[in-house]
Amino acid sequence: MNAAFRWLHQLAPFLIFVMPLTAFGQDPPLRWGGDKAGGAPFIYGNGDVGFEVELANYLGKKIGRKPEFKQCDWDTIPDTLKLGHIDIALNGLEFLPERENEFPSTIPYFIYTLRLIVNVSDESIRSWEDLKKPRKKKLRVGVLRGSFAQRYMEEKFGNDVEVIPTKEVDETFLLVEERERMDATVQDSPAAAYYVQGGRRPKLKVVAPPAHTGFYVILTNPKDVELRKQLNEALKEAMASGELQRIYEKYGLWDSDQERLAYHQIRPWPPVEGEKVEALGDTGISLSDLARKIAWAAWMTIKLACCAMPLAILLGMLVAIGRMYGPWPLRVMLTAYVEVLRGTPILLQMYVWFALIPNLIRAIGGDELASWFTAAPFYVGIFGLAINYSAAEAENYRAGLQAIPKGQMEAALALGMSPMTAIRRIMLPQAIRIVIPPVTNDFIALFKDTSICSMILITELTGLYYQYKWNREIVLELALTIGLIYLFISYPLSLLALRLEKRLARGTHA
Amino acid sequence: MIAVTELRKKRGENTVLDGISLTVRKGEVAAIVGPSGGGKSTLIRCLNALEPFQGGHIDVDGLKLHAEGGEKTPKATLLALRRKVGMVFQQFNLFPHMTALENVMSGPRFSLGVSRAEAEKIARPLLEKVGLAQKADSKPDQLSGGQQQRVAIARALAVSPSVILFDEPTSALDPQMAAEVMAVILDLAKEGQTMVVVTHSTEFTKRAHTVHTLERGKLISSVSI
């Protein structure tokens with residue numbers, strides 16, 4: 001037996017496994033990416049309900065590939081496509097001429113418009129022009145982060161209203177319903193039709209005629225020419241056979257706009273310049289255009305960190321004192337406090353303060369009571385950071401207090417000081433010195449953790465990045481700039497911590 | 001002025017103090033001697049309620065301390081008692097974040113609620129008395145052991161206690177420094193300061209009015225000189 005043959009012999013079990021795979025490779029599944037967090041009517045349930053789910057199933061059947069849903073984050077679906085984790089991106093993705101080169105689109109499958117949605121009790125906003133009326137306080141208008149609606153609102157109303165990008169449609173609707181933290185929202189027509197006009201959100205209403213008409217398209221990778229052709233044929237057939245109408249009607253989405261799909265489906269695609277239904281002016285943004293916004297976001301990051309840390313230290317100190325010297329029921333409670341806060345993610349805690357607790361109070365005590373517990377995101381952010389870090393500071397101070405020789409407390413008590421006075425005058429001043437280095441390190445960590453606040457509608461540095469990362473021309477520079485800003489602020493803090501540590505070490509050994 | 005009756009203290013299974021009864025009169029200098037581990041330090045730490053005890057009671061000028069589980073001593077009584085009973089520790093226990101002067105001022109300021117200026121008026125002469133007026137602004141870590149202990153004595157004196165407890169005040173010091181500190185303590189004794197001193201120093205026991213000998217938790221002799 002020669003050597004080559006022996007090798008083959010050893011590989012045989014492998015080949016048995018691999019060959020069936022390659023045999024079926026003719027018909028790989030159609031992996032389609034979307035975000036079920038985007039919700040109804042697009043994709044919801046377990047990723048198995050929604051008009052786009054039915055469309056994907058239909059397309060899969062037509063081109064002979066089994067559809068397979070892949071959960072992505074909505075604003076990174078194109079990136080996921082580029083990395084090859086999915087074959088097509090199908091989830092309310094707008095036709096944008098500037099991304100055609102990177103992600104060539106299919107012909108449109110839906111014509112959407114932008115709808116203005118407000119609280120039913122709101123009579124002050126009846127038209128788009130009402131958004132421009134001067135008011136005491138700027139209106140806060142929620143938009144889906146990274147959506148065309150965000151860009152549209154920033155370009156057309158950026159000077160008149162505060163555009164607040166949110167991560168989820170549902171969250172935005174909740175905020176407009178409570179009317180405390182958001183006045184209006186601009187959403188794509190499917191969400192407006194399904195939730196608001198479909199009566200599923202009775203506290204909201206759609207006002208003003210639709211603004212901007214655009215296309216939902218399926219994004220593909222440039223190399224998949226054949227796939228695009230197949231999908232286009234299937235889409236045309238769905239339109240012609242009435243299948244598309246059947247699917248859309250099921251979700252209350254069929255309207256006269258959709259009838260125009262047939263026209264656009266036979267025109268050359270992508271449409272030539274003059275034929276764009278409506279385009280924004282110059283959508284190109286450079287980093288220098290954003291300079292002011294970056295500065296503001298950096299300032300917001302600094303404000304969050306500098307307000308939250310003193311609070312965290314104060315709280316932590318009190319918790320540590322309670323745990324060291326308090327009666328046992330208090331000690332048990334404070335131990336639980338520290339462990340719960342240390343043992344759960346800060347992101348989750350932030351959502352609890354921001355959404356869960358106000359909603360819980362609303363469910364129990366109604367809107368009146370809830371409004372007392374619904375603070376502006378900025379304050380919720382400071383509160384959430386302070387509470388979370390108070391647990392770490394409590395542990396620092398507890399360690400600090402424990403490091404003080406026992407004789408100190410005894411000497412203070414023997415002089416006739418009350419225990420509280422002894423703690424305040426003798427123990428704490430010494431503990432504060434001991435914990436300066438770890439507290440400084442925690443401040444650096446908190447400074448970076450302010451990025452969590454981007455999840456609760458605060459535009460700090462990370463939030464700004466999330467808002468502009470759709471712009472592929474500046475996303476790299478932006479990420480780099482923001483990273484450098486974090487570094488430039490935290491590095492001097494690190495040096496300071498190091499110096500304090502050295503000085504302290506000298507002090508105790510002298 | 002101090003009356004200890006049938007004092008019993010246990011630490012786990014060990015009986016540390018086993019039915020101690022003794023009295024200290026006003027102006028008396030009492031020495032407590034005996035082998036290490038005999039319960040000397042524990043006894044005087046019971047006198048100002050730094051240690052709880054399980055049997056008997058202590059009376060200082062009418063302020064009563066009761067055994068654990070018995071009648072509870074009110075907080076106000078506890079504070080009043082500690083202001084009457086000063087203490088000087090073997091390890092000095094000066095507050096390291098304060099200067100010598102601030103250490104001496106700490107009792108008047110934080111126990112008696114005296115103003116800063118008033119406290120300084122009390123503290124400066126006391127520092128002078130222990131021979132450290134020129135070290136007023138030094139931090140404890142800039143002082144020798146003997147100097148630290150003298151500041152600690154001034155600190156104890158600053159609240160004008162009726163009695164001062166000394167817990168082996170010179171045993172952490174080399175002989176020369178111990179002599180400095182002992183001189184200060186003997187001066188106080190001459191002035192009629194009531195004091196209870198746990199010590200190994202024979203030089204001191206010669207000058208005490210009463211010498212109590214403690215061995216394995218029992219008072220085996222009380223000799224008046």
Side-chain angles (χ1 to χ4, degrees), chain A residues 313 317 320-322 324-331 396-440 499-510, chain B residues 41 44-45 47-51 63 75-98 102-114 138-143 148 151-152 154-167 172:
Chain A
I313 290 175
M317 226 185 247
I321 291 170
M324 287 282 290
Y325 307 109
W328 73 263
L330 184 68
R331 288 207 302 267
N396 281 340
Y397 275 93
R398 201 163 69 97
L401 287 169
Q402 278 170 341
I404 300 171
K406 206 171 138 240
Q408 290 291 310
M409 190 68 176
E410 291 184 347
L413 292 178
L415 280 171
M417 290 184 209
S418 70
M420 274 323 287
T421 307
I423 290 166
R424 198 160 72 91
R425 297 293 189 173
I426 308 302
M427 302 302 279
L428 268 187
Q430 296 186 53
I432 288 171
R433 266 154 243 238
I434 295 172
V435 302
I436 283 174
V439 169
T440 314
R499 261 185 57 173
L500 290 171
E501 216 163 323
K502 277 188 185 148
R503 215 178 70 183
L504 204 78
R506 269 206 309 277
T508 49
H509 292 300
Chain B
S41 289
I44 66 164
R45 286 166 59 84
L47 294 183
N48 69 350
L50 284 182
E51 300 262 1
L63 301 170
K75 276 185 183 144
T77 310
L78 202 65
L79 288 184
L81 181 132
R82 282 173 175 161
R83 279 166 200 165
K84 260 185 203 293
V85 184
M87 186 150 187
V88 174
F89 299 85
Q90 185 179 357
Q91 296 298 336
F92 333 132
N93 293 348
L94 288 185
F95 305 133
H97 57 299
M98 298 179 179
E102 286 167 342
N103 263 282
V104 182
M105 287 161 61
S106 65
R109 284 190 67 202
F110 306 137
S111 297
L112 308 179
V114 165
S138 301
K139 287 277 179 76
D141 59 16
Q142 297 165 320
L143 299 174
Q148 287 191 52
V151 173
R155 181 176 70 175
L157 286 169
V159 289
S160 317
S162 313
V163 53
I164 301 181
L165 311 172
F166 290 87
D167 187 5

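In what follows, chains carry the letters A, B, and so on, assigned in the order in which the sequence lines appear, proteins first and then strands, with residues in each chain numbered from 1.
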Quick one: what part of [X] sits under 4.5 Å from any heavy atom of chain B, side chain, backbone, both or neither?
X        : value
A:Ala422 : neither
A:Thr421 : side chain
A:Arg424 : neither

statement: side-chain contact (heavy atoms from CB on, under 4.5 Å) filter on A:Ile434, not counting sequence neighbours, yields A:Ala403, A:Ile404

field: Set of residues satisfying side-chain contact (heavy atoms from CB on, under 4.5 Å) with respect to B:Arg83, sequence neighbours excluded
entry: B:Leu79, B:Ser111, B:Leu112

- prompt: Do you know which of B:Leu81, B:Val159, B:Leu50 has the most heavy-atom pairs with chain A at a distance under 4.5 angstrom?
  reply: B:Leu50

statement: If you tally heavy-atom pairs under 4.5 Å between each of B:Ala156, B:Pro96, B:Gly107 and chain A, the highest tally belongs to B:Pro96

- request: Starting at CG of B:Leu94, measure out to OG of B:Ser106 and round the result to the nearest 0.5 Å.
  value: 9.0 Å

query: About how many Å separate CE of B:Met87 and CZ of B:Phe166, when rounded to the nearest 0.5 Å?
result: 10.5 Å

field: Minimum heavy-atom distance between B:Gly86 and B:Pro161, given as atom pair plus value
entry: N-CB, 3.5 Å

Please look at [X] and chain A and tell me whether the side chain, the backbone, both or neither of the residue comes under 4.5 angstrom of a heavy atom of that chain.
X        : result
B:Val88  : neither
B:Phe110 : both
B:Arg155 : both

field: Among the listed options A:Gln430, A:Lys406, A:Met409, A:Glu410, the residue most often paired with chain B at heavy-atom distances under 4.5 Å
entry: A:Glu410

message: If we ignore hydrogens and angles and just use 3.5 Å, is the side chain of B:Asn103 paired with the main-chain N or O of B:Phe95 as donor and acceptor?
response: yes

message: Could you check whether any side-chain N or O of A:Gln408 sits under 3.5 Å from a backbone N or O of A:Pro405, counting only pairs where one atom can act as donor and the other as acceptor?
response: no

